[in-house]
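The structure under discussion appears below in the form of structure tokens.
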Amino acid sequence: MSKNTLKTYVLLAFLGGLMVLIGSFFGRGGAIIGLGIGLVMVGASYWFSDSIAIKAARAQPVTEDEMPDFYRVVRELTQKAGMPMPKLYVTPDLQPNAFATGRNPDHAAVAVTQGILQICNWDELRGVLAHEISHVGNRDILIGSVAAAVAMGITFIARMAMWGAMFGGMGGRDDNDRGANPIALIAMAILAPMAAMLLQMALTRSREFEADRSGARLIGDGEPLARALEKLEQGVRQVPMNVNPAQAQAYIVNPLTGRQVQFANLFMTHPPTADRVARLRGGDWRQ
């Protein structure tokens, strides 16, 4: 079992267990409801991670007739990497960006924005797509999708806890359950989103460097991706994109850079772009 696979199982178990724990604050019936919600969320996080991400990005599938260069480059990269061809999508966003999603190489998708198609040439896009294909090949796209689901799940739980504390909890608790502390629930409602974002940070920073390295090795050159990253960094600062913060970690460059986001530092799930460019141009990918 790979390290990423083990982490994924741990995250899924954590999400399910957390739902049961929070439900228990509202009595035995709440724990059962929490278990049911947890099972649904765990199943959805695993089986439908790609569909959830694609729908959230409003991405549309494209055919080879519509975008022959897109298919040509991805087919070349996947054949070289010995991987199946992923599904290809384009999002309507004008911010230049891209992401990969899916639970494994056999169920993967790669999406680019309208913005990146406007500012990058196909040599630079080849570097970007090699990075995304590397995410698929490194089998870390599922753990990113699950981390996003955990983050959204914890945020949802925190909101439930906050409302439950404000209104005295859910009805139907027996005498043994009357000791639930509303202050504890409020504290959880405040801290849970912060914990979720820190969880994403722990999972994603190093994997961007690794995908950069693997992508450069795949095409035998780090310069195309380096040039693309410089353009994308400038683009995301100029063109904000409306994306759920829990999904931001999936993109090649942090899409929240151009937005005023509360607790912004918690959403910095990517290494500094300048560091990534320096490593690519310094030849670290050859090692």
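When a residue number appears, it is its place in the shown sequence, counting from 1.
- The side-chain hydrogen bond (donor to acceptor under 3.5 Å, both in side chains) test applied to T91 returns D93, not counting sequence neighbours.
- When every heavy atom of V90 is checked against every heavy atom of F70, the shortest pair comes out as CG2-CE2, 4.3 Å.
- When side chains are defined from C-beta on, N254 does not count as touching T273, because their heavy atoms never get closer than 4.5 Å.
- To the nearest 0.5 Å, atoms OG1 (T113) and CZ (R58) are separated by 11.0 Å.
- Within the 4.5 Å cutoff, side-chain heavy atoms of L94 are placed close to those of Q118.
- Of all non-hydrogen atoms in V136 and A108, the two that sit nearest each other are CG1-CB, 3.9 Å.
- A side-chain contact (heavy atoms from CB on, under 4.5 Å) with L125 is found for one member of V73, L117, L225 and no other, namely L117.
- A search for ring pair (Phe, Tyr, Trp, His ring centres under 6.0 Å) contacts involving Y251 returns F99, not counting sequence neighbours.
- Within the structure, salt bridge (Lys or Arg N to Asp or Glu O under 4.0 Å) pairs that include any residue of residues 62-73 comprise E64-R75, D69-R72 (at least two apart or interchain).
- Within the model, atoms CG of L280 and CZ of R286 stand 10.5 Å from one another, a figure rounded to the nearest 0.5 Å.
- Applying the side-chain hydrogen bond (donor to acceptor under 3.5 Å, both in side chains) rule to K231 yields the partners E124; only residues at least two apart in sequence or on another chain are considered.
- Distance CG/L77 to OG/S134: 8.5 Å, rounded to 0.5 Å.
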Practice problem: Test side chain to side chain contact (heavy atoms under 4.5 Å, CB included) on L218 and W285 and set out the steps. | Solution: CA-CA 10 Å; L218 187 59; W285 57 273; over 6 Å; no

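- Here the closest heavy-atom approach between residue A248 and residue P255 is recorded as O-CD, 3.5 Å.
- The side-chain hydrogen bond (donor to acceptor under 3.5 Å, both in side chains) test applied to E230 returns R281, not counting sequence neighbours.
- Closest approach of H270 to I252, counting heavy atoms only: CD2-O, 3.5 Å.
- With sequence neighbours left out, D284 forms a side-chain hydrogen bond (donor to acceptor under 3.5 Å, both in side chains) with no residue at all.
- Note that CZ of R227 is 6.0 Å distant from CG of N121, once rounded to the nearest 0.5 Å.
- Counting heavy atoms from C-beta on, the side chains of M241 and V236 never come closer than 4.5 Å.
- Partners of E233 under the salt bridge (Lys or Arg N to Asp or Glu O under 4.0 Å) rule, at least two apart in sequence or in another chain, are R237.
- Take R276 and apply the salt bridge (Lys or Arg N to Asp or Glu O under 4.0 Å) test, not counting sequence neighbours, and it matches E208, D212.
- Residues that satisfy the salt bridge (Lys or Arg N to Asp or Glu O under 4.0 Å) test with R213, not counting sequence neighbours, are E210.
- P96 meets the side chain to side chain contact (heavy atoms under 4.5 Å, CB included) test with I116, I119, L232; sequence neighbours excluded.
- Under the 3.5 Å distance criterion, the side-chain polar atoms of D106 are left unmatched by any main-chain donor or acceptor of P84.
- Listed by chain and number, the residues in a salt bridge (Lys or Arg N to Asp or Glu O under 4.0 Å) with D275 amount to none (sequence neighbours excluded).
- Between R207 and A250, the shortest heavy-atom contact is NH2-CA, 4.4 Å.
- Partners of A109 by side chain to side chain contact (heavy atoms under 4.5 Å, CB included), not counting sequence neighbours, listed by chain and number: I54, K87, Y89, T101.
- Here the closest non-hydrogen pair linking I219 and R126 is CB-NH1, 3.7 Å.
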